[in-house]
Amino acid sequence: MTIEVLVNGVPLADPHLAVVRLKNSGRHAIASEQFDQQRALEIDLNASVVELLSAEADQHGTVIGACAVSGATISFGPEVIKKGEEIILTALVEGAPTLEVRDHFVDVQLKPTIADSPAVVAAAAQRFLASAGAAGGAALVAALAGLLS
């Protein structure tokens, strides 16, 4: 069986679904003022972002309006990140993604975490593909994670 992922009728050579998880595990909310000089958190996937498919915060709902895409980078913020809040970004990328995060926070420490287990990531991808329907096609899955504290 051959599966092809098309974007505007053009096939992608090496499509991946990148899922990035950000979580504020600190004792306090991260205020928008803690983004130094209002500079966004930059999430570089080192693979061309074809489309940011979703940006969901468990305490806010969608936060896609707080995101911008440029090449291989998704920028987030400045936006309040509540204590304990988890933000999930899902992007369709061309090529195998890896994660580099650049932050400009004041009084906030950024800590990387290990990626979600393959089973959890596969289940999330299946849910995404099922909700996308036939237009969603199929994609390989890359689990990427970052931790805000």
Side-chain angles (χ1 to χ4, degrees), residues 5-8 10-129 131-132 135-137 139-149:
V5 177
L6 303 174
V7 175
N8 296 325
V10 178
L12 296 180
D14 190 17
H16 285 69
L17 187 63
V19 178
V20 179
R21 182 175 59 93
L22 304 170
K23 183 172 183 179
N24 179 359
S25 63
R27 292 178 282 177
H28 304 285
I30 299 170
S32 56
E33 295 82 27
Q34 289 176 287
F35 287 77
D36 186 38
Q37 299 178 17
Q38 297 296 300
R39 290 182 290 178
L41 177 66
E42 298 172 354
I43 302 156
D44 189 345
L45 297 175
N46 294 298
S48 180
V49 177
V50 176
E51 186 174 346
L52 180 59
L53 301 170
S54 68
E56 300 293 326
D58 57 2
Q59 296 179 29
H60 277 101
T62 186
V63 290
I64 205 152
C67 298
V69 174
S70 178
T73 302
I74 301 169
S75 299
F76 175 79
E79 181 82 12
V80 172
I81 305 171
K82 295 179 180 178
K83 174 185 171 186
E85 184 166 49
E86 184 172 82
I87 299 165
I88 306 289
L89 306 174
T90 305
L92 177 62
V93 299
E94 179 69 276
T98 59
L99 181 65
E100 290 181 45
V101 179
R102 292 180 292 278
D103 73 283
H104 309 283
F105 289 126
V106 176
D107 297 328
V108 176
Q109 183 180 11
L110 185 70
K111 296 179 185 177
T113 64
I114 58 171
D116 290 327
S117 74
V120 170
V121 173
Q126 287 174 346
R127 283 194 305 274
F128 167 76
L129 292 172
S131 68
L140 299 175
V141 176
L144 307 170
L147 178 66
L148 297 173
S149 64

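In this text the structure is predicted, and so the values were computed from the model without any measurement. Position 1 is the first residue of the sequence; numbering continues from there.
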Separation between [atom1] of [X] and [atom2] of [Y], rounded to the nearest 0.5 Å:
X: Ile43; Y: Glu100; atom1: CD1; atom2: CD; answer: 12.5 Å
X: Ile87; Y: Glu56; atom1: CD1; atom2: CD; answer: 10.5 Å
X: Asp58; Y: Glu85; atom1: CG; atom2: CD; answer: 5.5 Å
X: Thr90; Y: Leu53; atom1: OG1; atom2: CG; answer: 6.5 Å

Locate the shortest heavy-atom distance separating [X] from [Y]; write the atom from each residue and the value.
X: Ala96; Y: Asp14; result: N-OD2, 3.8 Å
X: Val49; Y: Leu45; result: CG2-CD1, 4.0 Å
X: Pro97; Y: Ala18; result: CG-CB, 4.0 Å

Worksheet item: Looking at side-chain heavy atoms only, is the closest gap between Leu22 and Val101 below 4.5 Å?
Response: no
Worksheet item: Do the side chains of Pro15 and Leu92 get nearer than 4.5 Å, heavy atoms only?
Response: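 SC-SC contact between Leu92 and Pro15 confirmed.
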Donor-acceptor contacts, no H, no angles, side chain residues 62-81, under 3.5 Å, sequence neighbours left out:
{"from": "Thr62", "atom 1": "OG1", "to": "Ala55", "atom 2": "O", "distance (Å)": "3.3"}
{"from": "Thr62", "atom 1": "OG1", "to": "Ile64", "atom 2": "N", "distance (Å)": "3.4"}

Table please: side-chain donor-acceptor pairs of residues 26-38 below 3.5 Å, with sequence neighbours left out.
{"from": "Gln34", "atom 1": "OE1", "to": "Ala31", "atom 2": "N", "distance (Å)": "2.8"}
{"from": "Gln34", "atom 1": "NE2", "to": "Val106", "atom 2": "O", "distance (Å)": "3.4"}
{"from": "Asp36", "atom 1": "OD2", "to": "Arg39", "atom 2": "NH2", "distance (Å)": "2.8"}

Discussion item. Under the criterion side-chain contact (heavy atoms from CB on, under 4.5 Å), I'd like the reasoning laid out for Leu12 against Leu6: C-alpha separation, chi angles, the key distance, then a yes or no.
Written reply: CA-CA 6 Å; Leu12 296 180; Leu6 303 174; over 6 Å; no
